[in-house]
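Step one of this worksheet: look at the structure below.
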Amino acid sequence: MEWLKAVQRLRERRLPGVLVTLTSVRGHSPREAGAKMVVSAERTWATVGGGNLEAVAIERARAMLTEGLAVPESLKVSLSDKAPYQHGVQCCGGEVELLLEPLPVVPSVAIFGMGHVGLELARILARHDLELHLVDSRTAQLEPEQLRGLDDAVAGIHVHQVPVLPELVIGELPEGTHVLVMTHDHAEDAALCDAALRAGQLASIGLIGSSAKWSRFRAKLADEGHAPEAIDRITTPIGLPDLGGKEPATIAVSVAARLLQLFAGDPAQTEQQAR
């Protein structure tokens with residue numbers, strides 16, 4: 001199905017679109033109910049009937065993209081030479097109804113460190129419609145047996161096994177990714193924080209750890225040339241401040257809840273803007 005491939009292509013390229021479905025037909029129409037097309041800002045895939053009908057649908061779909069609308073809309077179009085038309089007469093004689101469903105760019109999250117907290121967090125986030133990147137320098141932490149709890153994931157799962165220099169993955173992440181640093185090694189955490197601050201495409205940066213750890217990291221990042229306002233982009237501790245507890249599952253729930261708060265606004269916003 002061309003429209004289904006188009007939806008998948010838009011998701012892979014992290015581009016928004018609108019799925020247009022012909023939901024009902026009264027009288028004559030160029031296509032039957034159930035016909036679909038996909039509209040992006042630059043092109044279309046498949047067809048719901050051509051002519052004025054399709055042109056009106058494309059025009060409204062692109063207006064929805066421009067306005068950033070997330071709620072589906074219904075649109076009625078009369079196929080009569082007596083009806084108002086914008087893009088040429090279409091006199092099939094019927095009336096159709098279209099459903100325009102936005103296809104948003106879903107959030108992207110990268111977890112660096114698949115230890116106890118990282119795995120619990122991945123289990124929670126995997127139940128949501130997002131792209132989830134799992135990164136660890138320890139191969140065993142990303143083995144299929146270890147990740148079995150993600151087998152029924154709703155999220156798109158991307159596993160990055162990087163025994164050396166996991167910070168290189170930072171530059172490969174999609175624009176607007178929320179990065180969470182929680183590895184087994186503080187030196188690795190520090191290198192990841194440095195790389196995340198140097199990257200320009202991230203939405204937010206979170207670091208797990210104590211106040212003592214953060215004090216050392218702030219000094220180290222300053223020594224490496226990062227300005228105080230840049231360092232302030234890193235949020236630590238992570239999660240909801242009023243949800244206590246040190247159990248991995250509790251921390252994971254807290255961090256996931258904070259991320260969901262961000263997603264409820266603009267998924268591409270920075271942590272700093274969200275405060």
Side-chain angles (χ1 to χ4, degrees), residues 107-122 125 130-138 141-142 158 160-244 246 248 250-252 254-263 265-275:
S108 175
V109 178
I111 303 174
F112 286 83
M114 289 300 294
H116 298 297
V117 176
L119 183 57
E120 292 288 353
L121 180 57
L125 293 179
L130 50 83
E131 297 298 324
L132 184 58
H133 297 261
L134 310 178
V135 191
D136 204 298
S137 58
R138 302 164 294 174
Q141 298 303 114
L142 296 173
H158 310 272
H160 304 261
Q161 292 184 334
V162 280
V164 181
L165 301 177
E167 60 268 25
L168 294 179
V169 176
I170 293 283
E172 301 172 0
L173 294 173
E175 183 175 355
T177 296
H178 298 267
V179 166
L180 296 162
V181 179
M182 50 180 67
T183 80
H184 66 295
D185 184 349
H186 283 196
E188 197 169 295
D189 282 355
L192 286 165
C193 287
D194 175 61
L197 289 179
R198 296 183 190 281
Q201 86 279 21
L202 304 179
S204 69
I205 308 166
L207 171 67
I208 199 168
S210 65
S211 58
K213 173 183 176 180
W214 180 230
S215 294
R216 291 193 297 271
F217 274 38
R218 282 196 72 99
K220 181 175 176 58
L221 291 168
D223 290 341
E224 291 173 350
H226 295 287
E229 59 271 20
I231 297 173
D232 286 342
R233 289 183 57 213
I234 297 177
T235 297
T236 187
I238 49 178
L240 299 178
D242 55 349
L243 180 58
K246 294 186 177 181
T250 301
I251 297 171
S254 177
V255 175
R258 179 60 184 137
L259 282 172
L260 290 174
Q261 287 180 338
L262 294 181
F263 301 161
D266 178 1
Q269 71 185 328
T270 63
E271 180 75 11
Q272 186 175 9
Q273 291 171 328
R275 291 173 183 166

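Just so you know, these numbers use all the heavy atoms, side chains as well, and skip hydrogens, waters and symmetry mates.
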Gap between atom [atom2] of [Y] and atom [atom1] of [X] - 0.5 Å precision:
{"X": "Asp185", "Y": "Phe112", "atom1": "CG", "atom2": "CZ", "value": "14.5 Å"}
{"X": "Asp189", "Y": "Thr183", "atom1": "CG", "atom2": "OG1", "value": "3.5 Å"}
{"X": "Leu202", "Y": "Glu175", "atom1": "CG", "atom2": "CD", "value": "9.5 Å"}
{"X": "Glu188", "Y": "Leu165", "atom1": "CD", "atom2": "CG", "value": "9.5 Å"}
{"X": "Ile238", "Y": "Arg258", "atom1": "CD1", "atom2": "CZ", "value": "11.5 Å"}
{"X": "Leu197", "Y": "Ile170", "atom1": "CG", "atom2": "CD1", "value": "9.5 Å"}

Side chains of Ile208 and Leu180, heavy atoms from C-beta outward: is any pair under 4.5 Å?
no
How about Gln201 and Thr177: do any of their side-chain heavy atoms sit closer than 4.5 Å?
no
Set out, in order, the CA-CA distance, both residues' side-chain angles and the distance that settles side-chain contact (heavy atoms from CB on, under 4.5 Å) for Leu121 and Met114, then state yes or no.
CA-CA 9 Å; Leu121 180 57; Met114 289 300 294; over 6 Å; no
Picking from His133, Glu131, His158, what satisfies side-chain contact (heavy atoms from CB on, under 4.5 Å) with Pro174?
His133
side-chain contact (heavy atoms from CB on, under 4.5 Å) test vs Gln161 passes for just one of Asp136, Leu142, Leu134, namely Leu142
Has [X] got a side-chain atom pairing as donor or acceptor with [Y]'s backbone, closer than 3.5 angstrom?
{"X": "Ser215", "Y": "Ser211", "value": "yes"}
{"X": "Thr235", "Y": "Gly206", "value": "no"}
{"X": "Thr236", "Y": "Leu207", "value": "yes"}

Using the rule given for side-chain contact (heavy atoms from CB on, under 4.5 Å), can you reason through His184 versus Gln141, listing the C-alpha separation, both sets of side-chain angles and the distance that settles it, and then say yes or no?
CA-CA 11 Å; His184 66 295; Gln141 298 303 114; over 6 Å; no
Could you tell me how the ring of Phe217 sits relative to the ring of His186: parallel (under 30°), tilted (30 to 60°) or perpendicular (over 60°)?
perpendicular
Are there more than 12 heavy atoms of other residues, nucleotides or ligands under 6.0 Å from atom CD of Glu224?
yes
Does atom NZ of Lys213 have more than 12 heavy-atom neighbours, drawn from other residues, nucleotides or ligands, at distances under 6.0 Å?
yes
Which is it for Val135 and Leu192 under the side-chain contact (heavy atoms from CB on, under 4.5 Å) test, yes or no, and what are the steps along the way?
CA-CA 11 Å; Val135 191; Leu192 286 165; over 6 Å; no
Which atom pair, heavy atoms only, marks the closest approach of [X] to [Y]?
{"X": "Pro237", "Y": "Gly209", "value": "CB-O, 4.4 Å"}
{"X": "Pro228", "Y": "Arg218", "value": "O-NH2, 4.0 Å"}
{"X": "Arg138", "Y": "Gly115", "value": "NH2-N, 3.8 Å"}
{"X": "Ala199", "Y": "Arg233", "value": "O-NH1, 4.0 Å"}

Leu130/Leu259 under side-chain contact (heavy atoms from CB on, under 4.5 Å): CA gap, chis, key distance, verdict:
CA-CA 11 Å; Leu130 50 83; Leu259 282 172; over 6 Å; no
